[in-house]
2 protein chains.
Amino acid sequence: MAEAEVRRRPGGRSARVRAAVLDAALELLAAHGLEGLKVADVAARAGVHETSIYRRWGTRENLLIDALLEATGALTVPDTGSLRDDLVAYATDLAAFLATPTGHALEHTLAAAGDDPAMREARDRYWAARAGGSMQIVVRAVERGELPDTVDPRLAIEMLVSPVHFRVLLTREPIEPGMPARLVDALLGGIAVSRPPSDPAR
Amino acid sequence: MAEAEVRRRPGGRSARVRAAVLDAALELLAAHGLEGLKVADVAARAGVHETSIYRRWGTRENLLIDALLEATGALTVPDTGSLRDDLVAYATDLAAFLATPTGHALEHTLAAAGDDPAMREARDRYWAARAGGSMQIVVRAVERGELPDTVDPRLAIEMLVSPVHFRVLLTREPIEPGMPARLVDALLGGIAVSRPPSDPAR
């Protein structure tokens, strides 16, 4: 595993150590959840000294967040030039990621995580980073004139991704292939006006 | 607790037993999660024989679903005659319920629950019952002509409730008082067209 990472992320020993530690952390997270993430175990699995981890990351929570961001870094933010296409692609990618064993495990890990101050701070940073990326879809659409500049990018992205998370975590319903597009059409056009021919509401 | 229930739900010994068992199940669920829900413990706490529970509910999962539906039965489906008011009220009530200790515990219990066949079947029944109630808001709006009859009531309700669940389970962000209304306005009018004055998108 560490070997594959080296090929993917060149950059010398420091980058190799980082990749090995993050891989080890993700494997332990996926297998045992957040409670199972002990720095000593991560160090042993990655073949590094525990002190190296603390020197680089400072805290267990910093390591956790870095590992989560590394895993969800696969979720690139699309930039096709079309708001609708970007949103459909993003929701589709998110659903696909959450259907992988790693994505599924991380999602449940985040839902089960406690609320102590260090964890809360780490979680806030994680979601801020996620939102900061995905909100660019909305920001760029405003710049292109596809959305009014009064739109709330944060709420828009929450409305896009939440139904996907809702199904994965709570109802466990499958996300059928056409769902992201139906979601995006309802989000962009609204349910009251988006479906011709007749629109008695407004 | 059982005494208060008796006052609320009159109906003789059978109703009293039912109320006592469901209360006991909810208390154990909130305190220990789904794994802690043992029929023997529920029986002991409710002061009834274990066999009485099996006679009435058949399985642990049936009992679980009945207890969850009892707890979320407090979530009445509003019928004000206005789609917007109904949706805002429903999202507001849901947020308030999920902020209670019971609501919070049940939400995390459902997110953490496993996927064995009995649990899956019980969960499907639970969410079908929840959706069946809340979708009436949309169905009635179609009948009143506030929505086109091509609207998908299930998707509409998913888009309404998911951002509330997303914050409670994942980001743990507070649901500010104005959030339900902003959510409903975006859902009804769409983000691309709902904010005057200028609408370059369509």
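Residue numbers begin at 1 in each chain, while the letters A, B, ... track the order of the sequences.
Atom CZ in A/R172 sits 5.0 Å away from atom CG in B/D115 (nearest 0.5 Å). Between A/E158 atom CD and B/S162 atom OG the span is 11.5 Å, to the nearest 0.5 Å. Here the CG-CD1 distance, from B/L147 to A/I191, works out to 5.0 Å after rounding to the nearest 0.5 Å.
Looking at heavy atoms from C-beta onward, A/T171 lies out of side-chain contact with B/R123 at the 4.5 angstrom threshold. Contact of the A/H165 side chain with the B/H165 side chain is not registered, since no non-hydrogen atoms from C-beta on lie closer than 4.5 Å.
Comment: A/E173 engages B/R154 in a salt bridge, judged by a side-chain N to carboxylate O separation of less than 4.0 angstrom.
Proximity to chain B (any heavy atom under 4.5 Å) is shown, for A/L183, by both the backbone and the side chain. In this structure, the portions of B/A111 lying under 4.5 Å from any heavy atom of chain A include both its backbone and its side chain. For a residue to count as touching a neighbouring chain, one of its non-hydrogen atoms must lie under 4.5 Å from one of that chain's; by this rule A/D149 does not touch chain B. Heavy atoms of B/V161 lying under 4.5 Å from chain A belong exclusively to its side chain.
Contacts with chain B were tallied for A/E107, A/R120, A/R130; A/E107 has the most, counting heavy-atom pairs under 4.5 Å. Heavy-atom pairs under 4.5 Å with chain B peak, among A/L170, A/L110, A/L169, at A/L170.
Residues B/A192 and A/P148 come closest through the heavy atom pair O-CD, 3.7 Å. Residues B/R182 and A/D152 share a closest heavy-atom pair of NH1-OD2, 2.5 Å.
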